[in-house]
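What follows is a set of notes on a single structure, which appears directly below.
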Amino acid sequence: MASEQVDDRGAPRGGATTPSEAPAAVPPEEGYHRGLGSRQIQMIAIGGAIGTGLFLGAGKAITKAGPSLILAYAVAGTVIWFIMRALGELLLYRPVSGSFSEYAREFLGPFFGFATGWTYWLFWVVTGITEVTAAATYVQYWWPAVPQWVSALVFTLVLYGANLISVRIFGELEFWFSMVKVTAIIGMILIGVGVITLGFSDAGGTASVSLLWSDGGFFPEGLGGTLMTLQIVMFSFLAVELVGITAGESVNPRKTLPRAVRTVPWRIALFYIGALTVILSVVSWTEFEPGTSPFVAAFAKIGLPAGAAVVNFVVLTAALSSCNSGMYSTGRMLRDLALNGQGPRPFRGLTGNGLPLLGTSVSAALMTVGVWINYQWPSKAFDYVVAFATISGMWAWVMILAAHIRYRRAADRGLLPRSAFPAPCAPYASWASLGFIGAVVVLMGFDPDSRVSLYGAPVWAAGLVVAYFVLKARDPGTFVRGEAGAEQGREP
């Protein structure tokens with residue numbers, strides 16, 4: 001279900017809309033199957049942000065910032081925590097599968113719901129391209145003669161096939177994919193700590209926490225170098241908001257979603273700050289190279305070639321897992337748009353086992369653009385798609401924060417019920433987070449590889465504006481409900 005308010009059992013509640021106000025709501029028996037249990041939601045939330053950004057993107061970021069990259073992750077991680085708490089408050093106010101697209105529609109107006117839905121769909125299409133690009137790069141560790149585009153094509157087709165199963169099986173696959181990633185990172189941290197404290201392996205004689213400041217200092221490239229990594233850092237955290245999309249298919253969203261959101265701080269502390277601190281204490285930052293996973297490089301330096309191969313396999317599965325999540329999200333976002341009259345009607349359909357087949361198929365077909373990108377620019381493919389993914393993904397965060405500010409204002413005035421999961425330091429933390437995201441966008445303009453996304457963003461925005469007014473002119477009633485709902489969060 002896309003625009004209905006749901007309780008823990010999946011039944012719609014709240015006032016019904018009339019046919020003249022909006023497309024007919026989907027009855028619960030024709031909607032999604034609530035097949036995602038607590039442990040699956042928890043592991044999807046934990047594993048969602050462990051992917052290409054950490055395993056591959058961190059290699060380039062280390063060469064730009066050195067050990068100060070740890071600080072960049074800590075600061076950005078704090079902002080991500082505030083974003084997720086804002087989303088958590090909205091989810092407990094009204095858990096819907098449309099998530100932040102629905103909240104943008106309700107609190108900011110129908111255009112912002114329309115733009116958010118389509119932009120988040122674009123984000124996951126581009127992210128899917130990013131992940132298959134990374135996966136193709138990892139394959140070359142074993143088979144360097146295999147062209148990147150061939151691997152990218154194979155992975156896209158395999159993952160599309162995996163998404164033709166039930167949501168329960170999807171959740172189970174993601175549970176084990178994430179379990180592999182989490183277990184591997186914890187294992188790598190423990191081995192690294194052992195190298196540092198016990199001195200075993202080829203790196204034992206030089207491994208020390210002093211490597212964090214001995215080779216040029218903690219800021220070897222200056223503060224400017226650290227700031228220029230924020231785009232890569234923010235990309236690493238993209239997909240933490242995926243838990244919001246699962247609201248419509250969670251067995252008990254009012255219990256599972258807060259638990260998932262509460263895991264964010266220790267996820268960031270362990271998987272990002274902890275892992276990078278250990279790696280940069282085992283191997284000097286000067287020995288890493290862009291385009292190479294720092295985890296694989298660290299194990300190679302330790303002298304465990306089999307370990308490096310295992311890590312490469314883990315990061316390969318991490319990339320494929322993220323792409324799999326992307327295909328899951330795109331189909332549901334297209335269906336949410338269609339149910340609200342803001343997307344092609346055929347996307348409303350579900351298969352007998354509750355899957356948005358057409359939306360997933362179209363999205364997977366577009367992800368094959370990544371095959372062409374890998375064929376044309378194999379050395380630059382990752383940088384280009386990361387930039388596009390970052391700018392489109394951060395739009396979702398901006399909408400979450402802006403909708404949260406509007407919601408909190410309305411709730412404080414008694415116009416809306418208060419959420420059972422209030423965000424701390426609201427609304428000031430949301431305002432500060434918006435400012436941070438704005439600063440990251442400005443910094444992207446100074447990076448030649450990132451700047452290309454800033455050229456594409458206005459073109460995408462212009463297309464959305466034109467499409468919105470065309471749809472509104474053809475069927476004005478499509479956006480009436482969104483306009484009425486938005487008034488709840490605006491100034492009286």
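For the single chain, residues carry numbers from 1 onward in sequence order.
- There is a side-chain donor-acceptor pair under 3.5 Å between Tyr160 and Ser361.
- Below 30°, between 30° and 60°, or above 60°: for His404 and Tyr407 the angle between ring planes is between 30° and 60°, a tilted geometry.
- Residues Ile391 and Met444 have side chains in contact (heavy-atom distance under 4.5 Å, counting atoms from C-beta outward).
- Taking the centre of each ring, Tyr141 and Tyr138 stay at or above the 6.0 Å mark.
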Arg408 and Glu89: CA distance, side-chain angles, deciding distance, salt bridge (charged side-chain N to carboxylate O under 4.0 Å, His left out) verdict: CA-CA 9 Å; Arg408 177 56 75 91; Glu89 183 167 357; 3.0 Å; yes
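- Leu69 places none of its side-chain heavy atoms less than 4.5 Å from the side chain of Thr226.
- Side-chain contact between Ile279 and Ile189: absent, with no pair of heavy atoms (C-beta onward) separated by less than 4.5 Å.
- Side chains of Phe347 and Arg332 form no contact here, defined as non-hydrogen atoms less than 4.5 Å apart.
- Proximity of a side-chain donor or acceptor of Thr183 to a complementary backbone N or O of Val180 within less than 3.5 Å is not detected.
- Checked against Phe112 for a side-chain contact (heavy atoms from CB on, under 4.5 Å), the options Phe100, Trp395, Tyr103 give a single hit: Trp395.
- Side-chain atoms of Thr119 never come within 3.5 Å of backbone atoms of Thr116 as a donor-acceptor pair (strictly under, hydrogens ignored).
- Within the 4.5 Å cutoff, side-chain heavy atoms of Phe421 are placed close to those of Arg85.
- Aromatic pair Tyr272/Phe237: ring centres closer than 6.0 Å.
- Contact annotation: the side chain of Ile268 never approaches that of Tyr73 to less than 4.5 Å [non-hydrogen atoms, C-beta and beyond].
- Looking at Phe446 and Met228, their side chains come closer than 4.5 Å, going by heavy atoms from C-beta outward.
- Here the side chain of Ser101 pairs a donor or acceptor atom with the backbone of Gly113 at under 3.5 angstrom.
- Between the side chains of Trp121 and Ser363, at least one donor N or O lies within less than 3.5 Å of an accepting N or O.
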